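Residue numbers start from 1 in every chain, and the chains themselves are labelled A, B, ... in the order their sequence lines are given, proteins ahead of strands. Nothing here was measured: the structure is a model prediction, and the numbers come from that model.
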Amino acid sequence: MTRAEAFSEREVAMCNVARMVENGRTYWAAGGGTPLYSILLGKKLYAPEAQYVTEDGVIAPEPMLPYEPMMTMLAARATYRALAWGTMNTAGIYSQLGYMDYGVLNTLQVDKHGNINSTFLGEWGAGGRRMHGPGGADTIAACCWRTILITDQSKRKFVEKVDFISSPGFLDGSEGARERAGLPRNTGPWRVVTPWGMYDYQDRRLRLIARVPWVTVDEILAECEYLPLVAPEVKVLEAPTEEEVHLLRTELDVRGQTTDAAGGWIIWDGEQYVRGSAE
Amino acid sequence: MTRAEAFSEREVAMCNVARMVENGRTYWAAGGGTPLYSILLGKKLYAPEAQYVTEDGVIAPEPMLPYEPMMTMLAARATYRALAWGTMNTAGIYSQLGYMDYGVLNTLQVDKHGNINSTFLGEWGAGGRRMHGPGGADTIAACCWRTILITDQSKRKFVEKVDFISSPGFLDGSEGARERAGLPRNTGPWRVVTPWGMYDYQDRRLRLIARVPWVTVDEILAECEYLPLVAPEVKVLEAPTEEEVHLLRTELDVRGQTTDAAGGWIIWDGEQYVRGSAE
Amino acid sequence: MTTASEPATIEVLASGTAPYHKIDPDGFREWVRDHKERALVSKLMTEKEAVEKFVADGDYITYECNYLTRGPNSLLHEIMRQQKKNLWIAGKFTYVDVGMLVGAGCASKVDTGFFLCTPAVRQALDAGKLEVYEYSNVIMTMRLEAGAQGIPFIPVRSFGGTDGFDHSGAKLITDPYTGQATVIIPALNPDVAIIHVQQADRFGNARLFGTGISDVPAALASRKVIVSAEEIIDTEEIRSNPGLTKIPYWCVDAVVEAPFAGYPGTVPGYYASDPAVVMEVFASVLRGAVEPYLEKWVFSVKSHQEMLEKNVGVAKLLDMRKRETIRGGYRA
Amino acid sequence: MTTASEPATIEVLASGTAPYHKIDPDGFREWVRDHKERALVSKLMTEKEAVEKFVADGDYITYECNYLTRGPNSLLHEIMRQQKKNLWIAGKFTYVDVGMLVGAGCASKVDTGFFLCTPAVRQALDAGKLEVYEYSNVIMTMRLEAGAQGIPFIPVRSFGGTDGFDHSGAKLITDPYTGQATVIIPALNPDVAIIHVQQADRFGNARLFGTGISDVPAALASRKVIVSAEEIIDTEEIRSNPGLTKIPYWCVDAVVEAPFAGYPGTVPGYYASDPAVVMEVFASVLRGAVEPYLEKWVFSVKSHQEMLEKNVGVAKLLDMRKRETIRGGYRA
């Protein structure tokens with residue numbers, strides 16, 4: 001595996017999710033952006049026997065890549081060579097039944113208990129900014145055994161309490177809160193991955209457990225409105241490899257819609273990775 | 001149409017149901033005996049645009065007749081050239097949604113309010129005789145707009161109160177009893193057809209409205225444990241035609257399993273129909 | 001093995017407070033009895049006739065898939081062209097569509113789901129011309145599933161604990177069987193469903209190929225159902241393979257022959273999308289400039305076919321067809 | 001448009017009093033997580049291995065269709081041959097089957113449905129060796145539908161007012177949305193489902209052709225699922241037409257290659273029945289003489305294939321195949 005010379009922040013996050021993908025596990029990819037590409041990257045490079053569904057109920061496809069723009073669900077290339085075709089309720093029902101090991105999703109805002117907001121910034125019904133809504137993420141966050149959340153590292157995204165719980169984390173953080181709200185037992189947030197680091201949950205509270213080499217823990221914490229717990233040993237993540245970014249750019253997000261959409265670039269200066277521009 | 005020279009009692013009942021079959025209406029045939037053959041007879045002779053389903057969710061087939069023994073559902077000949085194939089829940093759901101105009105069913109016991117027993121003769125759990133259970137008839141009786149019940153004319157079949165309500169009629173006969181039990185509004189028993197006569201319901205009570213030419217009203221009432229209301233004018237039903245019994249015997253119940261299973265035979269003696277033996 | 005416990009009551013632990021579309025299973029049954037044609041009669045008509053006849057101002061409307069993928073776009077365009085008003089939209093698995101309908105002045109309520117919250121949507125919200133009730137995609141399609149069964153509600157395992165729950169018609173109850181807190185959601189029986197399929201006969205027996213969202217539940221759950229089809233096929237063909245029929249004729253009120261109705265999106269197995277126009281519609285709604293798009297693609301033409309003729313042309317349509325090279329699973 | 005009313009409680013107007021199979025949606029999820037194979041691994045095994053491994057004494061068992069039509073007869077025979085005990089049978093859309101299982105001494109509880117109440121059944125009832133709980137066919141398949149969704153119960157529009165209701169696990173409640181009396185029924189998650197299909201791959205991806213009873217819900221709702229198939233096909237074939245897969249591999253625990261498994265019944269599109277033996281089994285169970293039938297067709301042979309070889313023979317099998325002349329809808 002060759003070190004990549006330059007890559008975007010979004011590419012970093014996707015590579016780190018991809019490396020967590022396991023053979024023989026099921027994934028529900030929320031929508032068609034970073035979650036889907038992360039799973040496909042992991043499946044192509046590390047875990048060919050991982051299986052996934054998307055919201056349209058496709059089961060374990062071998063998609064014809066790359067996709068046409070925005071055609072990441074329902075389209076023939078996206079559902080190609082599946083083991084079965086279903087519907088949105090197919091995906092919902094398999095997750096209700098406990099068949100989905102992992103849900104992978106992204107979001108606008110996450111709080112200390114892993115609750116996700118994709119509906120509204122500000123106070124609901126009193127000004128503020130409406131966003132697109134939960135889509136399938138509510139069901140993923142409720143019913144998959146473990147969820148992996150992808151987001152950017154920024155103060156306005158890591159908050160004490162989300163303005164609106166679109167998709168459930170550990171709710172108020174108390175033990176059994178999810179069960180009391182009618183959600184399945186022993187489910188919940190598992191990892192949050194950003195271009196700078198990775199989090200898990202300790203006693204249902206967000207905890208920083210890893211960082212990329214070119215960012216310090218203090219820099220990460222400076223981009224958290226809510227200061228997460230910090231693990232005793234914060235692991236250092238590997239940078240993306242040439243294989244990973246090549247695959248992302250030539251087969252998955254070939255138009256760069258996902259990877260270029262936000263964040264800066266990281267460049268190998270011969271000795272270390274430095275944050276810089278892509279020019 | 002030629003008068004039939006001889007026919008069985010069961011054939012009489014089937015012909016009388018067949019003549020009620022209407023174009024552009026939907027029928028759910030319970031099981032595969034007299035109800036299904038009655039509908040098929042009606043469809044072939046009188047109402048080709050009547051449509052039917054059976055419990056396996058077949059929609060509007062054009063079956064390949066005759067069937068093999070007992071193969072009246074699921075089998076390829078029975079589901080041939082359908083407009084759609086479904087499942088038992090397909091049939092159940094279309095009837096819940098109000099798509100089924102008529103349900104046609106048979107039974108062991110019916111009471112003055114049209115309740116049907118096919119589960120137990122005697123006191124449940126205390127001796128008595130267990131029968132086969134409601135099958136699909138409970139859903140037919142609950143959810144089709146109108147039900148047509150086929151049974152034999154005998155004292156033990158027309159009772160004051162069935163021993164066990166397997167499939168609902170008007171329950172205790174009070175207004176709104178079905179709705180109070182959770183059943184859909186404005187549904188319920190519509191006709192009972194026996195080899196001797198026909199009944200409707202007046203204020204949710206069984207009422208004799210027609211008889212065959214070779215049986216008197218008194219003879220019918222003598223074969224009712226519960227004495228039904230009697231309409232001011234009891235119509236006289238036409239005897240089966242040669243076309244009807246020919247079709248029944250050559251295409252539908254070719255082995256006579258349904259028609260010969262019970263009841264006597266009726267023979268034209270040159271002047272009138274008389275009850276007699278088939279010898 | 002459990003013996004039924006017998007609580008005299010079931011606790012309602014929490015209730016959402018949003019308005020929800022009327023739940024009336026018995027009324028729906030009576031609509032079916034009085035309006036759904038059980039005879040085999042041709043329901044072929046133009047998109048104009050179908051929308052005039054079966055879409056009314058104020059209707060609750062659901063459409064299947066979305067503007068990009070097997071979308072009923074010729075019917076959506078016609079609804080905008082006829083300037084239907086105050087529609088209540090089932091905004092599940094939608095993308096640019098809600099922004100277009102709001103931009104065209106057709107919608108005043110949305111149950112979401114997911115939709116791009118565009119400048120036109122935000123303006124309508126700020127002006128009090130649009131209300132949004134909060135569900136999620138699967139909660140919406142499960143509501144349709146309950147509506148498609150003729151039952152008033154259905155339990156689900158998601159949605160609890162969210163703020164969406166509070167702004168919805170859901171309830172949290174103690175399940176009388178397990179004693180566990182359980183979410184129930186209200187059934188949804190839209191006034192009208194519009195669905196684009198690959199093949200249908202003139203009576204409405206419809207074949208769908210590929211994955212889907214809630215096409216079949218929507219067809220069963222809705223009072224009025226308009227199906228548009230890439231191809232009208234013979235009923236003999238339907239009868240030759242009954243396993244392929246997903247929607248039976250009796251659910252369908254209008255059948256519109258509509259080749260390339262999914263334009264500019266894809267209809268899987270039939271044609272790929274037109275990527276330039278897909279990008280154009282995204283850019284238009286996101287920048288709050290939906291009017292020029294609607295003017296060009298909807299208002300300046302009388303029908304979908306005229307739009308294909310004037311704005312697209314044979315070469316592009318043939319190219320879209322050519323780029324769709326996958327056939328497995330999309331043909332009888 | 002309705003605003004959610006907020007009753008603090010929902011009234012339970014009536015409750016059936018019969019025992020029902022344990023309802024535990026969360027426990028079922030954990031079973032799925034811990035036991036269902038999400039990797040693509042071959043599950044091919046013999047009927048003997050499958051039944052030894054996945055059917056335990058005391059299990060709640062559902063089988064699809066019945067002994068006459070696409071019945072999982074090779075597996076039913078094997079269960080009798082292995083003398084499984086105290087099974088609780090989902091007696092929906094069954095015919096001679098319950099009488100056979102009771103006659104073979106395998107069953108001690110039945111949820112009905114419909115079954116021929118044969119002398120063996122009546123003897124077992126009189127001897128207190130068999131209990132019957134009262135449902136109906138659709139109520140049973142709707143219970144499976146709820147189990148297949150992982151929810152604890154589902155509302156239905158039938159069953160209310162019957163005496164079956166009283167001898168079941170159903171409840172009558174006031175629907176919190178309409179205020180109307182509404183029946184709810186307990187979900188059913190059997191311990192084991194046995195299903196015969198036309199085609200499956202070695203992982204369990206299964207194709208079913210023709211009408212059915214509750215094959216797919218049974219596969220989703222059951223902890224252990226044994227599929228027997230007329231033909232084992234390649235996974236490449238499955239991937240070539242994903243629309244034909246009705247049961248995905250991850251639900252399936254065992255796949256048994258079982259040509260003519262439906263004998264003496266029909267498997268639609270593959271072979272017609274053997275009418276003489278169909279009549280033989282009816283006569284046997286109805287006359288209370290099921291033992292000779294079981295001895296001849298089940299106990300005296302080691303496997304279904306041996307039975308075909310010894311008791312049926314090539315000529316009859318070819319004739320059954322020949323008499324099944326309908327193909328439309330039964331082939332990919």
Q: With a 4.5 angstrom heavy-atom cut-off, which part of C/Y135 approaches chain A: side chain, backbone, both or neither?
A: backbone
Q: With a sphere of 6.0 Å drawn around NZ of C/K316, does it hold more than 12 non-hydrogen atoms of other residues, nucleotides or ligands?
A: yes
Q: Please look at C/V132 and chain A and tell me whether the side chain, the backbone, both or neither of the residue comes under 4.5 angstrom of a heavy atom of that chain.
A: both
Q: Quick one: list whatever passes side chain to side chain donor-acceptor pair (under 3.5 Å) with A/R77, sequence neighbours left out.
A: none
Q: Working to the nearest 0.5 Å, report the span between OG1 of A/T139 and CZ of C/F159.
A: 9.5 Å
Q: Identify the two heavy atoms, one from C/P275 and one from A/E68, that lie closest to each other, and give their separation to 0.1 Å.
A: CG-OE2, 4.1 Å
Q: If you compare all heavy atoms of C/T162 against all heavy atoms of A/S166, which two are closest, and at what distance to 0.1 Å?
A: CG2-O, 3.6 Å
Q: Between A/A142, A/A181, A/A82, A/A137, which shows the greatest number of heavy-atom pairs under 4.5 Å with chain C?
A: A/A181
Q: Please find the pair of heavy atoms, one from C/G161 and one from A/I165, that lie closest to each other, and give the distance.
A: O-CD1, 3.9 Å
Q: Nearest 0.5 Å, what's the OG1-OH distance between C/T325 and A/Y80?
A: 7.5 Å
Q: Indicate every side-chain donor-acceptor pair of residues 122-130 of chain A with a distance under 3.5 Å to a residue at least two apart or in another chain.
A:
{"unit_1": "A/W124", "atom_1": "NE1", "unit_2": "C/E134", "atom_2": "OE2", "d": "2.6"}
{"unit_1": "A/R130", "atom_1": "NH2", "unit_2": "C/E134", "atom_2": "OE1", "d": "3.4"}
{"unit_1": "A/R130", "atom_1": "NH2", "unit_2": "C/E134", "atom_2": "OE2", "d": "2.1"}

Q: Which bit of C/M279 is near chain A, if near means a heavy-atom gap under 4.5 Å: side chain, backbone, both or neither?
A: side chain
Q: For C/I213, which atoms come within 4.5 Å of any heavy atom of chain A: side chain, backbone, both, or neither?
A: both
Q: Which region of C/L68, side chain (C-beta onward) or backbone (N, CA, C, O), has a non-hydrogen atom less than 4.5 Å from a non-hydrogen atom of chain A, or is it both or neither?
A: both
Q: Give, as side chain, backbone, both or neither, the part of C/T141 having an atom under 4.5 angstrom from any heavy atom of chain A.
A: both
Q: Could you look at A/M73 and say if it's the side chain, the backbone, both or neither that has a heavy atom under 4.5 Å from chain C?
A: both
Q: First locate atom CZ of C/F165, then atom CG of A/D138, and finally report the distance between them rounded to the nearest 0.5 Å.
A: 11.5 Å
Q: What part of C/F282 lies closer than 4.5 angstrom to a heavy atom of chain A: side chain, backbone, both or neither?
A: side chain
Q: Considering only heavy atoms and a distance below 4.5 Å, find which of C/Q180, C/H167, C/E145, C/R70 pairs most often with chain A.
A: C/H167
Q: Non-hydrogen contacts under 4.5 angstrom with chain C: give the residues of residues 83-97 of chain A involved, or none if there are none.
A: A/W85, A/G86, A/T87, A/M88, A/N89, A/G92, A/Q96
Q: Against chain A, work out which of C/G328, C/G210, C/G164 has the most heavy-atom pairs shorter than 4.5 Å and name it.
A: C/G210
Q: Where on C/V267 is there a heavy atom nearer than 4.5 Å to chain A: the side chain, the backbone, both, or neither?
A: neither
Q: Who wins among C/V138, C/T69, C/D163, C/L13 for the most heavy-atom pairs under 4.5 Å with chain A?
A: C/D163
Q: Count the heavy atoms of every other residue, nucleotide or ligand shown that sit under 6.0 Å from CZ of A/R156, and state whether that count exceeds 12.
A: no
Q: I need the minimum non-hydrogen distance between C/S136 and A/G135, along with the two atoms involved.
A: CB-O, 3.4 Å
Q: With a 4.5 angstrom heavy-atom cut-off, is it the side chain or the backbone of C/I173 that approaches chain A, or both, or neither?
A: neither
Q: Examine whether an atom of A/L74 lies under 4.5 Å from a heavy atom of chain C, and if so say whether it belongs to the side chain, the backbone or both; otherwise answer neither.
A: both
Q: Counting only heavy atoms closer than 4.5 Å, note whether A/M71 contacts chain C via side chain, backbone, both or neither.
A: side chain
Q: So which of A/G169, A/A78, A/P69, A/A76 has the largest heavy-atom pair count under 4.5 angstrom toward chain C?
A: A/A76
Q: Non-hydrogen contacts under 4.5 angstrom with chain C: give the residues of residues 106-119 of chain A involved, or none if there are none.
A: A/T119
Q: Working to the nearest 0.5 Å, report the span between SG of C/C117 and CE of A/M131.
A: 7.5 Å
Q: Considering only heavy atoms and a distance below 4.5 Å, find which of C/G269, C/S214, C/G329 pairs most often with chain A.
A: C/G329
